[in-house]
Chemist: 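Next up is a structure, given as structure tokens.
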Amino acid sequence: MPRITLPDGSVKEFDRPVTAGEVAASIGAGLAKAALGAKVNGELTDLSTRIEKDATVSVVTAKARGATQPDADSLYLLRHSTAHVMAEAIQRLFPGVQLVYGPPLETNFYYDMAFPPGVSMSTEDFARVEAEMAKIIAEDRPFTRYDVPVNDGMAKLKKEGSKYKLDNAERAVEAGSSALSWYATGAPGKDWEDLCRGPHVPSTGKIGGFKVLSLASSYWKGDETSDRLTRVYGTAFATKAELDAYMTQVEEAKKRDHRVLGKQLRLYHIDEMVGQGLILWTPNGAVIRQELQNFIGEELRRQGYHQVFTPQIGKLELYKTSGHFPYYQESQYPPIIDHDQMKELVTEECSCGELANRLKSGEIDGYMLRPMNCPHHIKIYASQQRSYRDLPVRLCEFGTVYRWEQSGEIGGMTRVRGFTQDDAHLFVREDQVAQELQGCLSLVKLIFETLGMHDYRVRVGLRDKDSAKYIGDPKAWDSAEQACRDAAKSFGASFSEEAGEAAFYGPKIDFIVKDVIGRSWQLGTVQVDYNLPKRFGLEYIGKDNTPHVPVMIHRAPFGSFERFVGCLIEHFAGAFPTWLAPEQVRVLTISEKSEVYGREVLAMLQKADVRVTLDESSERVQSKIKAATEMKIPYLLVVGEKDAEARAVSVRARGFQENLGAMPVAEFVSTVDREIRSRGKESVAQRFGK
RNA sequence: GCCGCCCUAGCUCAGUGGUAGAGCACACCCUUGGUAAGGGUGAGGUCGUGGGUUCAAGUCCCAUGGGCGGCUCCA
């Protein structure tokens, strides 16, 4: 006889096996009505799940009582159920479509499908699909599970002829399933059904708000060489209001997209004629980059780094030694070869394949646009004899690198073909690794704290032991991986260890943030490397008067300026703190009568090295305020005759939709100057008690 | 690179076979107005590029460049 423990700790006893739905009903009729599913012993299930033994049961509702947010489990159930409804609707409209896999996601769901040859769906079909879905939902058909023994189930699938579902079933059996389960939307054997593990909400009527979002494509099992599938995205909520709120939120997020703001605030430009993925930093964006560089530069000097400058190309020999060429050939710009060799090859009518072979064999030499800065820095280290007393040697450079990313994955500032890393390479003794790693991590921490970025995750990238792409001795890898793990632990934040995420020469600690549309980007990175020093034969003379191989640490706390600024634009929604803002202050004159004074205020701010402009156009102040507000300028100073007389400025600070009041101009200059130099620790707004 | 969609004025977009449009921005004139758009006039486009179909193409077809969303990839 099952004893059911409820989330509040209370226990209910039943004298017979019960369903999760009955448990829900026993808690309260209102709750049962709202119930979408249940969790039995922590596992998400249907309300129809039978409970025969003692269990802990909680009820999944669209919105737990008192909660303002729907709980994640309810949305999982709802979205997966909506995926079934969508699949049925699409199969009705497009006969012959085969289903593959339709999981729920954090904010939406998709269903991968194989369309028959010559048949495809377009965004124009969404309305029809949604109309079909609405019918199914209006019918409020129950999701009914039924189990079939493995052999019978396989036979059934074979008969139906879906190779994808058959494959899903085979994998389920491999994973130990003793039976295969189907979910009918309605009555088994009569209504539409799908091979599915579940669970589902009780009936289609529970789906309150839904939408077909987009079309994409995918590969079967994620394999590039396998079948190409059509992926239809949609989303669902318990109510139409929640769907609308979500759609509004998506619209708002789009306004914060760095590609939109980049144009609106004139931060950067990408020109077709220059090339895909090559960022042109316009004056406004350049200010931000320069300020970030100054900020980190100050810190590097404090921490004993030495600035170096190195060229953006190097001979193939350099990259053959480092291991980049030819193993990463397809992700690099092709080598540059000299004029005479080029002429010779042309007259010989040498094919590209032959050229590649000759470059590979070393028969002809060439230069490469560098994909990384490390080989150049390594050569600086190697350029003189080093003693153990000299270590650590910390060489830093804002180094520009070029990588031939696939055209389809380039976009905005976050994935580009040329970018500048805030790079450094530390050559250290083995006993210094731990401390130096900590130093590197502290830089990352400083950056995130100064910029108020708290929403990031930490990943320790380890090698995939089955993969052949990593170079070096497994023992060295083990110690490097342990060093990363230890350093990540000491960092304080939680982190995940992920195999297969290491660089080809060593493990790393990455800092990852999400953009406005939910994609993850790696920013800062710290990598331990026992391999490249060996490949380049680096050494230092130890205390024992014999040569030793140093350990290298690669680190870039921002990652790259391009990607970092792209994420930063979204983080601040374009409203940069005053120290980073391209235009920090704008002076707005009320009429021609205040022009002379306006110019005087402008000059005072310019003298204090504040980035300031003067708007003395013949528009009204209201219009000038609107224009300046759209450019997200931190401070607007309205100056009219009254202000001129009082030698004051009327301050309007971004974020406050009002005139904060007048302040003597000299005081504003000194206050804003302190705000800028303290990087926001003080502010003009504070002076007004805001 | 692959699949799908998109590309019209500086920007945002309307225009689905019959002589290119709007708003904002820009220029000039009027207006001198105290905290999110004062008024008028004007200039600005070989409709991404190259082919094709048609009496006629921004509109239909093919190719190509670029963008977007996925996928794959990301030292």
Side-chain angles (χ1 to χ4, degrees), chain A residues 110 112 115 120-124 213-233 254 257 259-260 263-264 266 269-277 319 322-325 327-332 370-375 401 403-412 414-417 461 469-471 501-506 508 517 519 521-522 525 527 529 531-532 554 563 588-595 616-630 636-643 650-652 656-662:
Chain A
Y110 66 79
D112 277 348
F115 278 72
S120 67
M121 186 172 152
S122 87
T123 47
E124 283 164 20
L213 294 174
S214 61
L215 281 172
S217 81
S218 61
Y219 304 105
W220 189 30
K221 299 183 187 176
D223 177 359
E224 215 175 339
T225 60
S226 189
D227 298 10
R228 171 153 297 285
L229 306 170
T230 300
R231 179 168 292 185
V232 188
Y233 279 88
K254 276 187 195 154
D257 190 310
R259 292 163 297 190
V260 174
K263 208 172 259 180
Q264 191 187 321
R266 300 184 196 292
H269 173 66
I270 297 172
D271 197 282
E272 227 181 277
M273 207 182 279
V274 174
Q276 258 192 313
Y319 301 101
S322 71
H324 289 97
F325 188 86
Y327 302 106
Y328 288 93
Q329 205 168 356
E330 68 290 351
S331 43
Q332 291 157 182
R370 66 175 172 196
M372 303 193 89
N373 303 308
C374 19
V401 298
R403 296 179 189 178
W404 189 261
E405 305 290 359
Q406 293 188 68
S407 63
E409 57 204 18
I410 292 172
T414 44
R415 192 75 184 267
V416 293
R417 280 186 175 160
K469 76 171 189 175
Y470 305 99
I471 57 169
E501 291 293 338
F504 77 93
Y505 50 72
K508 53 184 189 163
I517 56 174
R519 290 183 294 205
W521 298 104
Q522 176 198 315
T525 181
Q527 317 180 349
D529 179 3
N531 292 310
L532 288 183
H554 309 241
R563 182 176 287 180
L588 315 176
T589 55
I590 292 212
S591 74
E592 280 175 3
K593 297 188 195 97
S594 44
E595 267 177 27
E616 50 181 354
S617 64
S618 68
E619 291 301 322
R620 300 164 132 202
V621 232
Q622 286 90 327
S623 163
K624 295 185 189 187
I625 286 172
K626 180 168 189 287
T629 305
E630 279 169 358
L636 307 184
L637 304 182
V638 175
V639 295
E641 290 169 276
K642 280 184 262 172
D643 304 288
S650 295
V651 180
R652 191 177 163 114
F656 303 96
Q657 296 185 0
E658 55 176 342
N659 177 5
L660 294 183

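Both backbone and side-chain heavy atoms feed into the values below; hydrogens, waters and symmetry mates do not. By convention in this document, chain letters (A, B, ...) are assigned in the order of the sequence lines, proteins followed by strands, and residues within each chain are numbered from 1.
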Chemist: Does the B/rU32 base have a donor-acceptor partner in the side chain of A/Ser618 within less than 3.5 Å?
Modeler: no
Chemist: Roughly how many Å apart are B/rU19 and B/rU41, using the P atom of each and rounding to a whole number?
Modeler: 26 Å
Chemist: Counting only distance, no hydrogens or angles, is the base of B/rG34 paired donor-acceptor with the side chain of A/Ser650 under 3.5 Å?
Modeler: yes
Chemist: Could you check how far OH of A/Tyr110 sits from C1' of B/rC3, rounded to whole Å?
Modeler: 15 Å
Chemist: In whole Å, measure the gap between the C1' atoms of B/rC24 and B/rA43 for me.
Modeler: 16 Å
Chemist: Please round to the nearest 0.5 Å and tell me the distance separating atom OG of A/Ser217 and atom CZ of A/Arg231.
Modeler: 8.5 Å
Chemist: Within the side chain of A/Asp227, is there an N or O that forms a donor-acceptor pair under 3.5 Å with the backbone of A/Trp220?
Modeler: no
Chemist: Can you list every stem that RNA chain B is part of, counting only runs of 3 or more consecutive Watson-Crick or G-U wobble pairs with both distances under 3.5 Å?
Modeler: B:1-7 with B:65-71, B:10-13 with B:21-24, B:26-30 with B:38-42, B:48-52 with B:60-64
Chemist: To the nearest Å, give me how far apart CE (A/Met121) and C1' (B/rC3) are.
Modeler: 14 Å
Chemist: Once each nucleotide of nucleotides 68-75 of chain B is scored for protein heavy atoms under 4.0 Å, what B/S/- sequence comes out, 5' to 3'?
Modeler: SBBBBBBB
Chemist: In whole angstrom, give me the gap between the P atoms of B/rA56 and B/rA14.
Modeler: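 My reading of the P atoms in B/rA56 and B/rA14 gives 29 Å.
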Chemist: Nearest 0.5 Å, what's the CD-NZ distance between A/Gln622 and A/Lys626?
Modeler: 12.5 Å
Chemist: Using a heavy-atom cut-off of under 4.0 Å over every strand shown, decide if A/Ser407 touches base, sugar-phosphate, or nothing.
Modeler: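 Since a base atom lies under 4.0 Å of A/Ser407, the category is base.
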Chemist: Would you mind reading off the distance between A/Arg266 atom CZ and B/rG10 atom P, rounded to a whole angstrom?
Modeler: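 In whole Å, B/rG10 P lies 12 Å from A/Arg266 CZ.
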Chemist: Using atom C1' in both nucleotides, what's the gap between B/rC7 and B/rU59 to the nearest angstrom?
Modeler: 14 Å
Chemist: Determine the interatomic distance between P on B/rU53 and the same-named atom on B/rC61; round to the nearest Å.
Modeler: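 Going atom to atom, P in each nucleotide, I get 15 Å.
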Chemist: For atom P, what is the distance between B/rC3 and B/rU72, given to the nearest Å?
Modeler: 15 Å
Chemist: Look only at the side chain of A/Arg417 and the backbone of A/Glu405, and say whether a donor-acceptor pair between them is shorter than 3.5 Å.
Modeler: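 Yes; at least one donor-acceptor contact below 3.5 Å.
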Chemist: Parallel under 30°, tilted from 30 to 60°, perpendicular over 60°: which one fits the rings of A/Tyr319 and A/His324?
Modeler: perpendicular
Chemist: Quickly work out the A/Glu658 CD to B/rU35 P distance and round it to whole Å.
Modeler: 13 Å
Chemist: For A/Thr230 and A/Lys263, find the nucleotide of RNA chain B closest to each by heavy atoms; which residue's nucleotide sits nearer the 5' end?
Modeler: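 Of the two residues, A/Thr230 wins.
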Chemist: Quick check: on RNA chain B, is the nucleotide nearest A/Asn659 upstream (toward 5') of the one nearest A/Lys593, or the reverse? Name the residue that is more 5'.
Modeler: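 The residue closer to the strand's 5' end, by nearest nucleotide, is A/Lys593.
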Chemist: Rounded off to whole Å, could you give me the NZ-to-P distance for the A/Lys624 and B/rA37 pair?
Modeler: 14 Å
Chemist: Could you tell me how far B/rG70 sits from B/rC26 if I compare only their C1' atoms? Round to whole Å.
Modeler: 39 Å
Chemist: What's the spacing between A/Arg403 CZ and A/Arg415 CZ if we round to 0.5 Å?
Modeler: 9.5 Å
Chemist: Distance between the P atoms of B/rG69 and B/rC30, in whole angstroms?
Modeler: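 About 48 Å, rounded to a whole number of Å.
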Chemist: In whole angstrom, give the distance that lies between atom CD of A/Gln264 and atom P of B/rA25.
Modeler: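 Rounding to the nearest Å, CD of A/Gln264 and P of B/rA25 are 14 Å apart.
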Chemist: More than 12 foreign heavy atoms under 6.0 Å from CZ of A/Arg228: is that the case here?
Modeler: yes
Chemist: How long is the span from the OG1 atom in A/Thr414 to the CD atom in A/Gln522, to the nearest 0.5 Å?
Modeler: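 Between atom OG1 of A/Thr414 and atom CD of A/Gln522 there are 13.0 Å.
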Chemist: Is A/Lys626 side chain donor-acceptor paired with the B/rA37 base, going by distance under 3.5 Å alone?
Modeler: yes
Chemist: Can you measure A/Glu619 atom CD to B/rC30 atom C1' for me and round it to whole angstrom units?
Modeler: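 Distance, rounded to whole Å: 12 Å.
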Chemist: With a 4.0 Å cut-off on heavy atoms, is A/Val621 in touch with a base, just the backbone sugar-phosphate, or nothing at all?
Modeler: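 Sugar-phosphate: the residue A/Val621, judged by heavy atoms under 4.0 Å, touches backbone atoms but no base.
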Chemist: Please give, in whole Å, the distance from B/rU49 P to A/Glu272 CD?
Modeler: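 The distance from CD of A/Glu272 to P of B/rU49 comes to 10 Å, rounded to the nearest Å.
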